[in-house]
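What follows is a single structure, written as C-alpha coordinates, with notes after it.
None of these values were measured; they are calculated from a predicted model. Note that these values count all heavy atoms, side chains included, but never hydrogens, waters or copies made by symmetry. So that the names make sense, note that chain A is the first sequence line, chain B the second, and so on, each numbered from 1.
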Amino acid sequence: MPAHPSVYQRRRPPTRMELDQIPWLGLLRNDERQQIEPQLVVSDPQPGDYVCRVGRPVTYWFGVISGLLKMSNDDARGQTMTFLGIPPGGWFGEGTVLKRESYRYNIQPLRPSVVAGLPADTFHWLVDHSLGFNRFIMHQLNERLGQFIAAREADRLNNPESRVARSLAGLFNPVLYPGVGDVLRITQQELAYLAGLSRQRVNEALQALQTMRLIEVTYGGVRILDLDGLRRVMIERRSDNR
DNA sequence: TCATTAAATTGTT
DNA sequence: AACAATTTAATGA
(Lines give C-alpha, C1' and ligand atoms only; values in the text may rest on other atoms or scores of the structure.)
Protein backbone atom coordinates (compact mmCIF):
# COMPACT_ATOMS: atom_id res chain seq x y z
CA MET A 1 0.00 0.00 0.00
CA PRO A 2 1.66 3.25 -1.16
CA ALA A 3 1.90 6.10 1.34
CA HIS A 4 0.88 8.70 -1.24
CA PRO A 5 -1.98 8.67 -3.72
CA SER A 6 -0.78 7.89 -7.18
CA VAL A 7 -2.00 8.31 -10.73
CA TYR A 8 0.00 5.30 -11.80
CA GLN A 9 -2.16 2.37 -12.75
CA ARG A 10 -0.99 -1.02 -13.91
CA ARG A 11 -2.61 -1.56 -17.27
CA ARG A 12 -3.71 -4.82 -18.80
CA PRO A 13 -5.81 -5.99 -21.75
CA PRO A 14 -9.55 -6.29 -21.10
CA THR A 15 -11.13 -9.70 -20.64
CA ARG A 16 -14.04 -10.86 -22.80
CA MET A 17 -16.52 -10.26 -19.97
CA GLU A 18 -15.17 -6.75 -19.43
CA LEU A 19 -15.57 -5.94 -23.13
CA ASP A 20 -19.24 -6.92 -22.83
CA GLN A 21 -19.70 -4.13 -20.28
CA ILE A 22 -18.76 -1.43 -22.82
CA PRO A 23 -22.04 -0.07 -24.19
CA TRP A 24 -20.76 1.67 -27.33
CA LEU A 25 -18.75 -1.24 -28.77
CA GLY A 26 -21.95 -2.72 -30.14
CA LEU A 27 -22.70 0.49 -32.06
CA LEU A 28 -19.56 0.18 -34.19
CA ARG A 29 -19.31 -1.59 -37.54
CA ASN A 30 -17.35 -4.81 -37.45
CA ASP A 31 -14.32 -3.36 -39.20
CA GLU A 32 -14.27 -0.35 -36.89
CA ARG A 33 -14.50 -2.61 -33.90
CA GLN A 34 -11.65 -4.83 -35.10
CA GLN A 35 -9.57 -1.71 -35.58
CA ILE A 36 -9.93 -0.20 -32.11
CA GLU A 37 -10.57 -3.14 -29.77
CA PRO A 38 -6.86 -3.96 -29.41
CA GLN A 39 -6.23 -0.39 -28.25
CA LEU A 40 -8.50 -0.69 -25.20
CA VAL A 41 -6.76 -1.05 -21.86
CA VAL A 42 -8.10 -1.57 -18.36
CA SER A 43 -6.77 -0.85 -14.89
CA ASP A 44 -7.87 -1.74 -11.36
CA PRO A 45 -7.75 1.45 -9.27
CA GLN A 46 -8.25 1.27 -5.50
CA PRO A 47 -9.71 3.95 -3.19
CA GLY A 48 -7.09 6.68 -2.82
CA ASP A 49 -5.74 6.19 -6.35
CA TYR A 50 -6.46 8.77 -9.02
CA VAL A 51 -7.84 7.70 -12.39
CA CYS A 52 -7.14 11.22 -13.60
CA ARG A 53 -6.19 14.52 -11.97
CA VAL A 54 -6.93 18.15 -12.67
CA GLY A 55 -4.37 19.72 -14.97
CA ARG A 56 -2.85 16.51 -16.34
CA PRO A 57 -2.81 16.25 -20.15
CA VAL A 58 -5.53 14.08 -21.63
CA THR A 59 -4.37 10.57 -22.41
CA TYR A 60 -7.51 8.45 -22.35
CA TRP A 61 -11.27 8.50 -22.56
CA PHE A 62 -12.41 6.50 -19.56
CA GLY A 63 -15.28 4.17 -18.77
CA VAL A 64 -16.38 2.23 -15.70
CA ILE A 65 -16.54 -1.53 -16.08
CA SER A 66 -17.31 -2.27 -12.44
CA GLY A 67 -17.18 -0.48 -9.09
CA LEU A 68 -18.00 3.16 -8.46
CA LEU A 69 -16.09 6.40 -9.18
CA LYS A 70 -16.54 9.94 -7.97
CA MET A 71 -15.87 13.06 -10.01
CA SER A 72 -14.71 15.95 -7.85
CA ASN A 73 -12.97 19.30 -7.92
CA ASP A 74 -11.10 21.41 -5.38
CA ASP A 75 -12.29 24.99 -5.05
CA ALA A 76 -10.11 28.02 -4.25
CA ARG A 77 -10.17 27.28 -0.52
CA GLY A 78 -8.97 23.73 -1.09
CA GLN A 79 -12.36 22.29 -0.24
CA THR A 80 -13.21 19.21 -2.25
CA MET A 81 -16.62 19.22 -3.83
CA THR A 82 -18.00 16.11 -5.44
CA PHE A 83 -20.01 16.64 -8.60
CA LEU A 84 -21.29 13.21 -9.33
CA GLY A 85 -20.84 9.49 -8.99
CA ILE A 86 -20.10 7.30 -12.00
CA PRO A 87 -21.48 3.75 -11.90
CA PRO A 88 -20.70 0.82 -14.26
CA GLY A 89 -21.38 1.58 -17.94
CA GLY A 90 -20.53 5.27 -17.55
CA TRP A 91 -17.97 6.92 -19.89
CA PHE A 92 -16.57 10.36 -19.24
CA GLY A 93 -14.03 12.93 -20.39
CA GLU A 94 -15.17 13.18 -24.02
CA GLY A 95 -15.38 16.97 -23.80
CA THR A 96 -11.76 17.37 -22.78
CA VAL A 97 -10.55 14.64 -25.13
CA LEU A 98 -12.28 16.35 -28.07
CA LYS A 99 -10.55 19.62 -27.33
CA ARG A 100 -7.28 17.92 -26.36
CA GLU A 101 -7.21 19.98 -23.18
CA SER A 102 -6.13 18.86 -19.74
CA TYR A 103 -8.49 17.15 -17.32
CA ARG A 104 -10.76 19.53 -15.44
CA TYR A 105 -11.61 17.25 -12.52
CA ASN A 106 -10.31 14.50 -10.32
CA ILE A 107 -11.61 10.98 -10.67
CA GLN A 108 -11.19 8.51 -7.81
CA PRO A 109 -12.77 5.17 -7.02
CA LEU A 110 -14.96 4.92 -3.92
CA ARG A 111 -14.29 1.18 -3.87
CA PRO A 112 -11.99 -1.14 -5.82
CA SER A 113 -13.06 -0.70 -9.44
CA VAL A 114 -12.24 -1.71 -12.99
CA VAL A 115 -11.75 1.18 -15.42
CA ALA A 116 -11.33 0.95 -19.19
CA GLY A 117 -9.38 3.50 -21.24
CA LEU A 118 -9.48 4.37 -24.92
CA PRO A 119 -6.39 6.35 -26.04
CA ALA A 120 -7.13 9.92 -27.13
CA ASP A 121 -5.81 9.31 -30.64
CA THR A 122 -8.07 6.28 -31.06
CA PHE A 123 -10.99 8.36 -29.80
CA HIS A 124 -10.33 10.93 -32.51
CA TRP A 125 -10.02 8.23 -35.14
CA LEU A 126 -13.51 6.98 -34.17
CA VAL A 127 -14.93 10.50 -34.30
CA ASP A 128 -13.56 10.83 -37.84
CA HIS A 129 -14.67 7.40 -39.05
CA SER A 130 -17.65 6.01 -37.15
CA LEU A 131 -21.23 7.23 -37.46
CA GLY A 132 -22.43 5.02 -34.61
CA PHE A 133 -19.74 6.34 -32.31
CA ASN A 134 -20.68 9.95 -33.06
CA ARG A 135 -24.30 9.24 -32.23
CA PHE A 136 -23.26 7.80 -28.90
CA ILE A 137 -21.10 10.80 -28.07
CA MET A 138 -23.84 13.25 -28.97
CA HIS A 139 -26.36 11.57 -26.69
CA GLN A 140 -23.76 11.42 -23.97
CA LEU A 141 -22.88 15.14 -24.14
CA ASN A 142 -26.53 16.11 -24.14
CA GLU A 143 -27.43 14.00 -21.11
CA ARG A 144 -24.41 15.06 -19.12
CA LEU A 145 -25.12 18.74 -19.64
CA GLY A 146 -28.43 18.29 -17.85
CA GLN A 147 -26.77 16.35 -15.08
CA PHE A 148 -24.13 18.98 -14.44
CA ILE A 149 -26.77 21.67 -14.12
CA ALA A 150 -28.69 19.51 -11.66
CA ALA A 151 -25.48 18.89 -9.69
CA ARG A 152 -24.81 22.61 -9.44
CA GLU A 153 -28.27 23.36 -8.19
CA ALA A 154 -28.21 20.53 -5.71
CA ASP A 155 -25.33 22.13 -3.85
CA ARG A 156 -27.64 24.96 -2.88
CA LEU A 157 -30.18 22.54 -1.49
CA ASN A 158 -30.00 21.84 2.18
CA ASN A 159 -32.80 19.31 2.25
CA PRO A 160 -31.16 15.89 2.65
CA GLU A 161 -34.00 14.08 0.93
CA SER A 162 -33.63 16.10 -2.25
CA ARG A 163 -29.85 15.79 -2.23
CA VAL A 164 -30.03 12.03 -1.91
CA ALA A 165 -32.83 11.91 -4.50
CA ARG A 166 -30.68 13.93 -6.88
CA SER A 167 -27.65 11.66 -6.43
CA LEU A 168 -29.75 8.56 -6.98
CA ALA A 169 -31.57 9.97 -9.99
CA GLY A 170 -28.18 10.82 -11.49
CA LEU A 171 -26.78 7.35 -10.89
CA PHE A 172 -29.85 5.68 -12.35
CA ASN A 173 -29.74 7.69 -15.59
CA PRO A 174 -30.35 4.95 -18.19
CA VAL A 175 -28.78 6.91 -21.07
CA LEU A 176 -25.50 7.70 -19.34
CA TYR A 177 -25.28 4.50 -17.33
CA PRO A 178 -26.88 1.60 -19.20
CA GLY A 179 -24.78 -0.76 -17.08
CA VAL A 180 -26.96 -0.03 -14.05
CA GLY A 181 -30.07 -2.16 -13.90
CA ASP A 182 -32.91 -1.48 -11.50
CA VAL A 183 -30.63 -2.29 -8.57
CA LEU A 184 -27.55 -0.19 -7.96
CA ARG A 185 -24.79 -1.58 -5.79
CA ILE A 186 -23.93 1.28 -3.45
CA THR A 187 -23.46 1.53 0.29
CA GLN A 188 -25.02 4.28 2.36
CA GLN A 189 -21.52 5.46 3.23
CA GLU A 190 -20.66 5.86 -0.46
CA LEU A 191 -23.90 7.71 -1.06
CA ALA A 192 -23.01 9.98 1.84
CA TYR A 193 -19.74 10.93 0.11
CA LEU A 194 -21.56 11.73 -3.12
CA ALA A 195 -24.37 13.72 -1.54
CA GLY A 196 -22.09 15.50 0.92
CA LEU A 197 -24.03 14.26 3.95
CA SER A 198 -23.42 12.07 6.97
CA ARG A 199 -24.29 8.41 6.75
CA GLN A 200 -27.00 8.84 9.36
CA ARG A 201 -28.70 11.54 7.36
CA VAL A 202 -28.48 9.46 4.20
CA ASN A 203 -30.02 6.56 6.08
CA GLU A 204 -32.98 8.67 7.17
CA ALA A 205 -33.44 10.12 3.70
CA LEU A 206 -33.39 6.65 2.15
CA GLN A 207 -36.05 5.44 4.56
CA ALA A 208 -38.20 8.44 3.67
CA LEU A 209 -37.79 7.84 -0.06
CA GLN A 210 -38.66 4.20 0.52
CA THR A 211 -41.82 5.15 2.36
CA MET A 212 -42.75 7.25 -0.67
CA ARG A 213 -42.34 4.04 -2.72
CA LEU A 214 -39.71 5.63 -4.94
CA ILE A 215 -36.95 3.19 -4.00
CA GLU A 216 -36.37 -0.03 -2.10
CA VAL A 217 -33.43 -0.16 0.29
CA THR A 218 -31.54 -3.44 0.25
CA TYR A 219 -28.32 -4.57 1.91
CA GLY A 220 -25.49 -2.87 0.05
CA GLY A 221 -27.72 -1.43 -2.63
CA VAL A 222 -30.81 0.42 -3.78
CA ARG A 223 -33.57 -0.69 -6.14
CA ILE A 224 -35.25 2.00 -8.19
CA LEU A 225 -39.05 1.87 -8.31
CA ASP A 226 -39.96 5.30 -9.69
CA LEU A 227 -37.24 7.35 -11.41
CA ASP A 228 -39.59 10.14 -12.45
CA GLY A 229 -40.83 10.33 -8.87
CA LEU A 230 -37.24 10.76 -7.65
CA ARG A 231 -36.65 13.55 -10.13
CA ARG A 232 -39.87 15.19 -9.00
CA VAL A 233 -38.78 15.09 -5.34
CA MET A 234 -35.49 16.83 -6.07
CA ILE A 235 -37.29 19.61 -7.92
CA GLU A 236 -40.27 20.03 -5.60
CA ARG A 237 -38.12 20.35 -2.53
CA ARG A 238 -36.00 22.99 -4.22
CA SER A 239 -38.74 25.59 -4.09
CA ASP A 240 -39.46 24.69 -0.45
CA ASN A 241 -36.18 25.96 0.95
CA ARG A 242 -35.57 29.13 -0.89
C1' DT B 1 -22.86 -28.41 -0.08
C1' DC B 2 -22.95 -27.05 4.57
C1' DA B 3 -21.34 -25.05 8.93
C1' DT B 4 -18.33 -21.82 11.05
C1' DT B 5 -16.11 -17.45 11.23
C1' DA B 6 -14.67 -12.99 9.77
C1' DA B 7 -15.81 -8.76 7.54
C1' DA B 8 -18.94 -5.40 5.84
C1' DT B 9 -23.06 -2.83 6.23
C1' DT B 10 -27.00 -1.14 8.43
C1' DG B 11 -30.07 0.71 12.05
C1' DT B 12 -30.06 3.23 16.30
C1' DT B 13 -28.54 6.01 20.17
C1' DA C 1 -19.06 9.06 16.94
C1' DA C 2 -19.94 4.62 18.92
C1' DC C 3 -22.50 0.40 19.39
C1' DA C 4 -25.30 -3.72 18.45
C1' DA C 5 -27.80 -6.32 15.03
C1' DT C 6 -27.94 -8.13 10.55
C1' DT C 7 -26.21 -9.62 5.99
C1' DT C 8 -22.67 -11.15 3.07
C1' DA C 9 -18.25 -13.30 1.85
C1' DA C 10 -14.62 -16.50 2.84
C1' DT C 11 -12.97 -20.68 4.57
C1' DG C 12 -12.49 -25.43 5.06
C1' DA C 13 -14.37 -29.98 6.12
Side-chain angles (χ1 to χ4, degrees), chain A residues 1-6 9-10 12 14-21 42-51 64-72 74 77-90 106-116 151 154-155 157-173 177-227 229-231 233-234 237 241:
Chain A
M1 193 78 83
H4 300 291
S6 167
Q9 290 297 321
R10 186 156 172 273
R12 57 180 176 82
T15 67
R16 189 60 216 283
M17 276 179 56
E18 287 166 347
L19 286 176
D20 291 340
Q21 299 303 307
V42 299
S43 62
D44 305 84
Q46 305 298 306
D49 293 340
Y50 283 87
V51 174
V64 184
I65 302 294
S66 68
L68 185 66
L69 308 185
K70 68 166 179 176
M71 178 182 292
S72 63
D74 299 323
R77 287 167 300 210
Q79 284 287 311
T80 297
M81 64 185 294
T82 297
F83 284 110
L84 40 91
I86 309 168
N106 294 315
I107 302 283
Q108 291 181 279
L110 286 172
R111 68 172 97 118
S113 302
V114 179
V115 173
D155 283 325
L157 307 177
N158 45 24
N159 188 322
E161 277 170 36
S162 35
R163 294 184 67 118
V164 171
R166 209 260 320 148
S167 292
L168 286 177
L171 289 166
F172 277 113
N173 183 318
Y177 312 126
V180 178
D182 61 336
V183 283
L184 172 69
R185 290 264 309 164
I186 189 172
T187 68
Q188 298 181 4
Q189 180 63 72
E190 291 166 338
L191 208 41
Y193 278 124
L194 294 179
L197 299 169
S198 70
R199 189 173 67 77
Q200 292 95 315
R201 219 62 197 77
V202 167
N203 184 274
E204 289 183 47
L206 285 175
Q207 300 301 335
L209 295 172
Q210 180 170 241
T211 304
M212 292 182 227
R213 298 172 187 275
L214 302 177
I215 59 171
E216 194 178 307
V217 181
T218 64
Y219 184 89
V222 174
R223 169 178 285 109
I224 185 86
L225 300 179
D226 183 356
L227 180 56
L230 267 186
R231 289 175 171 151
V233 165
M234 81 191 208
R237 298 293 160 117
N241 357 283

Q) If only side-chain N and O atoms of A:Q189 are considered, is one of them under 4.0 Å from the OP1 or OP2 phosphate oxygen of B:dT9? A) no
task = Kindly determine whether A:L206 and A:L168 satisfy side-chain contact (heavy atoms from CB on, under 4.5 Å), including the steps that lead there.
result = CA-CA 10 Å; A:L206 285 175; A:L168 286 177; 4.0 Å; yes
In whole angstroms, the gap separating P of B:dT9 from CG of A:L68 amounts to 12 Å
Per nearest nucleotide of DNA chain C, the residue lying toward the 5' end, A:R199 or A:Y219, is A:R199
Checking A:V51, A:I107, A:V115 against A:I86 for side-chain contact (heavy atoms from CB on, under 4.5 Å), the one that qualifies is A:I107
From CZ of A:R111 across to P of B:dA7 the rounded distance in Å is 20 Å
Whole-Å distance, A:Y193 OH to B:dT9 C1', equals 14 Å
**Request:** May I ask you to verify if any side-chain N or O of A:N203 is less than 4.0 angstrom from the OP1 or OP2 atom of B:dG11?
**Result:** yes
In whole angstroms, the gap separating P of B:dG11 from CZ of A:R201 amounts to 15 Å
### Task
Would you tell me whether A:Q210 and A:Q207 have side-chain atoms, one donor and one acceptor, within less than 3.5 Å of each other?
yes
Separation of B:dG11 atom P from A:E204 atom CD, nearest Å, is 11 Å
| Distance-only, no hydrogens or angles: does the A:R223 side chain make a donor-acceptor pair with backbone N or O of A:E216 under 3.5 Å? | no
Taken to the nearest whole Å, CD/A:Q188 to P/C:dT6 is 16 Å
Rounded to whole Å, the CG-P distance (A:L206 to B:dG11) equals 8 Å
